[in-house]
Amino acid sequence: MRNRNTRRAPLLAAGIASASLSALTLATAFAASKSSDASTAKDPLRQYTQQKLQWKRCDAKGPDTFQCATLKVPLDYSDPGGKTIGLAISRLKAGSTKERRGVLLLNPGGPGAPGLHLPADPLMKFPAEVKRRYDLVGFDLRGAGQSTPVSCGLTAEEQSDQPYKAETFAKDVDRVHTVAEKCRANARDKLPHLTTRNSARDMDVIRATLGEKRISYLGISYGTYLGAVYMQLFPQRADRIVLDSATDPTRIYRGMFQDMAKAAEQAFTRWTEWTARRHTTYGLGDTPAKVRETFWNLIARADHEPIAFEGQTITGDGIRADNRTFFHVQKAAERIAGLKKAAEGKNPAPSGTPDQAEEPEDNYASIAWSFMCADTRTWSHDPERYRREAIRDKARYPLYGDFAATITPCAFWKQGSEPQTTIDNKVGALITQNEWDSQTPLFAGQAMHRALRGSRMLTVAGGEGHGVLYAPDGNSCADKAVTVYLATGRLPAKDLTCRATAGQK
């Protein structure tokens, strides 16, 4: 996971600061184009950066001011005259022409989560000051959503997370090998180019197409890594950068999964303490040890006989997969108490047969694996290494260690077009992090802070869940600090701490 690329990229054009192509690759791209247009020879991305977008209303049910367009970007930036793909973008224009600062590009994470809707998402409570100053711009990552979507043709089982089990490991190796082969068969020409580095280049084409010299950015979860890669490749183009719930850029991606297992165990310990103090409410035990025992007894029971609950049949593995995040201690306690009653027959399942779920659309899973497998060349190709690490991590982190460390499709994936990006720069950014986020743990955010030497970090002490900013039950202290930064461009003089509000505990 530590193989890093330290090459600096040459300039591609006046409108693009750096596209991370070697001079040799760029020269080859020029020769391949055989263009007689001198401007194209000097600026191979001109056809993309100068394209005129055709804006139209995104959704008949949405506001008139929420507009969508599709722009073209090269599939392979080393061959800008070759195949192209569409990139779906959206825009909610700034409320004030006089106060307008520029563009705030948004990414919700994933990789591959839909981002087109974000500017008008009712769950994103952008303050009026931000909406006055910025065009809010969303986009679907290359290959995702409406951006020339990729599908590997995966079944529900092939999309599901499975923990390591000695008796099923050979089958699991076959399953993830099949996933890799299906993706190779169905998206062969695209796979090497579905990477974060290319998505950062896409972001810069968006910037140029919108006529902006610099771009501001708000990225969440995986979106923090995408933002950091953009800052590394295009440091002069990065304006006001906010990274919410940051990943550790040195542990992309296997190490990130294993960090989730560690953080889930920490959150689980905290949950047992919180729940024990509320035994009269939840009936799960009046000491942390008793709560832990109740939980693991429930897991064992559900593994032996799945529990009918809320229209689903849930196994012990399913309970662990659902609850390893422990977004909020109260929600986790309510769910486990409900499952316990259902297992005891005190809370019977609704009458009737649950609806049969349709085969899930696989674009998200296809893109997530494509990016995660192609972004770094440090995935092991030895199934036995995954077996050893899964056994080790199951002992260390019983809640999720066997999920996080077991074999993935990346064990059978061909390399991406480029090595992993090293994140190490002085570009200014504000990182926001909940103390008890088990998906992007506090220690991961601190690692991003160290890599981005010009950044400041805001920690929500006692904050739970994944994502800090502009939520319906969000933290006003954190929201205010970020809004001030976006409005003025001034980072805090030092790292900050906010206290969790009632909705975050």
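- We find that R388 and E384 are not joined by a salt bridge, their nearest charged nitrogen and carboxylate oxygen being 4.0 Å or further apart.
- Screening T408, T376, T247, D375 against Y253 for a side chain to side chain donor-acceptor pair (under 3.5 Å) leaves a single residue, D375.
- No side-chain N or O of S90 forms a donor-acceptor pair with one of H117 less than 3.5 Å apart.
- A salt bridge is defined here as a Lys NZ or Arg NE, NH1 or NH2 lying under 4.0 Å from an Asp or Glu carboxylate O, and D317 with R320 meets this definition.
- Remark: aromatic rings of F268 and F295 are close, center separation under 6.0 Å.
- With hydrogens and angles left out, the side-chain atoms of Y470 and N475 include no donor and acceptor closer than 3.5 Å.
- Note: F257 and W369 have perpendicular aromatic rings, judged against thresholds of 30 and 60 degrees for the angle between ring planes.
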* To do: Begin from the C-alpha positions of D437 and T440 and carry the test side-chain hydrogen bond (donor to acceptor under 3.5 Å, both in side chains) through to its verdict.
  => CA-CA 6 Å; D437 181 349; T440 52; 2.7 Å; yes

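- Ring to ring, Y230 and Y217 are not that close: their centroids are 6.0 angstrom or more apart.
- A salt bridge does not link E265 to R396: none of the charged side-chain nitrogens sits closer than 4.0 Å to a carboxylate oxygen.
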* Asked: Between Y225 and N107, is a side-chain hydrogen bond (donor to acceptor under 3.5 Å, both in side chains) present by the stated rule, with each step listed?
  -> CA-CA 10 Å; Y225 180 62; N107 183 272; over 6 Å; no

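- Cation-pi geometry between R377 and W379 is not met at under 6.0 angstrom from the ring centre and within 45 degrees of the axis.
- Centroid-to-centroid, the aromatic rings of Y400 and Y397 stay 6.0 Å apart or farther.
- Taking the charged nitrogens against the carboxylate oxygens, K165 and D172 have no contact shorter than 4.0 Å, which rules out a salt bridge.
- Residues Q162 and S160 bring a donor and an acceptor atom of their side chains to less than 3.5 Å of each other.
- D393 places no side-chain N or O within 3.5 Å of a backbone atom of A405 that could act as its donor or acceptor partner.
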